[in-house]
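Okay, here's the structure, questions in a sec.
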Amino acid sequence: MATKKFKAESKRLLEMMINSIYTHKEIFLRELISNASDAMDKLYFKSMSENIGITRSDMAIKIEADKDARTLTITDNGIGMTKEELENNLGTIAKSGSLAFKTENEKTEDVNIIGQFGVGFYSAFMVAKKVTVISKAYGSDEAYIWKSEGVDGYTIEEAEKSSYGTQIILEIKDNAEEENYDEFLTPFKIKSLIRKYSDYIRYPIMMDTEHEKLKEGSENEYEKEIVTETLNSMTPIWKKAKSEITDEEYNGFYKDKYYDYDEPLAHIHTRTEGTATYTALMYIPAKAPYDYYSKNYEKGLTLYSSGVMIMEKCADLLPDYFSFVRGLVDSEDLSLNISREMLQHDRQLKLIAKSLEKSIKNELKKLQKNDREKYEKFFDAFGTQIKYGIYESFGANKDSLQELLMFKSSFGTYTTLEEYVSRMKEEQKYIYFASGSSVARIEALPQTEMVKDKGYEILYFTDHVDEFTIQMMHDYSGKEFKSVSADDLGLETEAEKEELKKTEEDNKELFDFMTEKLSGKVKAVKLSQRLKTHPVCITSEGMLSVEMEKVLSAMPEEQARSAKAQKILEINAEHPIFAKLKSLYETDKDAVASYADILYTQALLIEGMAIDDPVGFTNKLCEIMAK
């Protein structure tokens, strides 16, 4: 029989489909199984509309691998194809019978047609040197065989086939230097591909596999037997009613799918219909993956279309600040591109993503309210990501995320901003915070003394991003944030301010002298109203705090490392050291210069900052101790 040419515009189109459209060769099995599922859906629809009596339980997909013959066969008992349909559907590239069927019956429920572009079939040529299709349409007495070796065309002739349906026989290519085609003939690889891409096809995918069993009557002698296995689970957990699924089943699915030993903190199972129709099953993990805060981590939800896996990680479905969420989305009306591997960035996808974001936030708020222990565990693992969500958007996501924030506080527990504000004293102007590498380090900071003495609560910022985040927020519920190291805490009475001002004026020459000796290190030396027992502390003026300088100094960018806070060295007027300084200024100014440097270095050490000259510092201490 003469070979017929494909009806596409050129051989180049088929070459492109075989070699360029699909990222991974393994995708061919997904496409052929999806086509088989479509064929059975069409027959089921015909049975419903014409009362034929065929049910879903009558249908199955069979896979056979023959290593010796190097053939992989996919057989279905779906609606089959006539000669004309073989000609139209397989002879014309990008002609989709499934798309036409779906268009004609788009209002029919319970029929999911997956193949919409008519190119998936040709993915078979990525792994096969020859493809044979034997098909018999339901209700027809005739069967036909379609054969092709690729771009040169195809043949169609009559064939023998006892039952309706379609059989596709792939003659697998020989191994090449960098291509192992043998794997597509191994049961292990076939099973793994079906679990990955086609586990939720609604019809059983069956294969005869060889197993060993103990020979009857023997204690140690084994024999081989052939067992027919169903390779797919068929009914995805997310398509079941929530009332039918136990927490154990939800958690079991999570552990199996994401290889996590820990149970998730929460799950979100939702289905929406309308402008964005989809089913989603998402989980909040208990711990961050080891690479979560690295550039190697890939966010995204697994994307299914009618139970067929389209993308393993669709990043567009999650905002970065919720990138810790694991799960999947299944939608029947996505705008897929020709290869079904990527989504076009259309309105539908954005609607789904926006809806998912709202569901995640609501679940976290519910967890925060109803199970504080779990929420604190979540925040320990992923709170930094929520903060980055506010910081990286320059505060644009403030309203959406600020309710999720939590900080340790001087009241000894985690607190939300809402809880902090609810406890503020009537006269309190600011939300006070202190920054440090740990709660213990912050507790020991001299700058906290006066705020605590006034009975005000202090938020403890132990995360590098904390101060950057609240700068982007500026305020919460109308209350501005104020560092305990800020130049003006607004806590002094008018009388205290006047007394401090007079003492500073009386000792202006001393402070000017110390400022000069610390030139380039501090902007000024002055008396402190915030200190009670400690001799000195470092505070700052302007937007950049001492803690922020520490963070920036560790960054690789030269511009960041060069950023410096405007430091103020504050001295406690009630501490004996101040009296000593006043006395020495009258008799030994060189000693005052040494004291100034020592006090400044001590203040840096209290802040956890590096000092420029450790040797010089210790030598000066020894000189003073030796006097």
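Values in this document were obtained by computation on a predicted structure and should not be read as measured data.
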For residues K398 and M473, report the shortest heavy-atom separation together with the two atoms involved.
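Between these two residues, the closest heavy atoms are NZ-O, 3.0 Å.
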
Are E403 and K369 close enough for a salt bridge, meaning some N to O gap below 4.0 Å?
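Looking at E403 and K369, the cut-off is not met.
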
Ignoring hydrogens and geometry, is there a side-chain-to-backbone donor-acceptor pair from K620 to I598 under 3.5 Å?
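No, because the side chain of K620 does not come within donor-acceptor range (under 3.5 Å) of the backbone of I598.
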
Tell me whether the rings of F324 and F322 are parallel (<30°), tilted (30 to 60°) or perpendicular (>60°).
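Aromatic pair F324/F322 classed perpendicular.
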
Would the number of heavy atoms belonging to other residues, nucleotides or ligands and lying under 6.0 Å from CD of E499 be above 12?
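Counting other residues, nucleotides and ligands, CD of E499 stays at 12 neighbours or fewer.
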
Looking at K429, I'd like to know if its NZ atom is crowded, meaning that more than 12 non-hydrogen atoms belonging to other residues, nucleotides or ligands lie closer than 6.0 Å.
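Not buried by this count: 12 neighbours or fewer within 6.0 Å.
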
Distance-only donor-acceptor check, side chains Y476 and E418, under 3.5 Å:
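The criterion, which ignores hydrogens and geometry beyond distance, is not satisfied for E418 and Y476.
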
What is the ring orientation for F378 with Y375, classed by angle as parallel under 30°, tilted 30 to 60°, or perpendicular over 60°?
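It falls in the tilted class, 30° to 60°.
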
Under 3.5 Å, side chain of Q471 to main-chain N/O of M543, donor-acceptor pair present?
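Between the backbone of M543 and the side chain of Q471 there is a qualifying donor-acceptor contact (under 3.5 Å).
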
Would the number of heavy atoms belonging to other residues, nucleotides or ligands and lying under 6.0 Å from NZ of K287 be above 12?
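No, not enclosed.
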
Within 6.0 angstrom of N370 CG, more than 12 heavy atoms from elsewhere:
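Yes, enclosed.
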
Could you pull out the closest heavy-atom pair between S233 and Y200, with the gap in Å?
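Nearest pair, atom of S233 first, then Y200: OG-CE2, 3.4 Å.
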
Any side-chain donor paired with an acceptor under 3.5 Å for Y414 and E419?
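There is no such pair (donor and acceptor under 3.5 Å, judged by atom type) between the side chains of Y414 and E419.
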
Any donor-acceptor pair under 3.5 Å from S528 side chain to E570 backbone
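It does not hold such a pair.
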
Cation over ring, K589 on Y585, under 6.0 Å and within 45°?
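Geometry flag: set, cation within 6.0 Å and 45°.
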
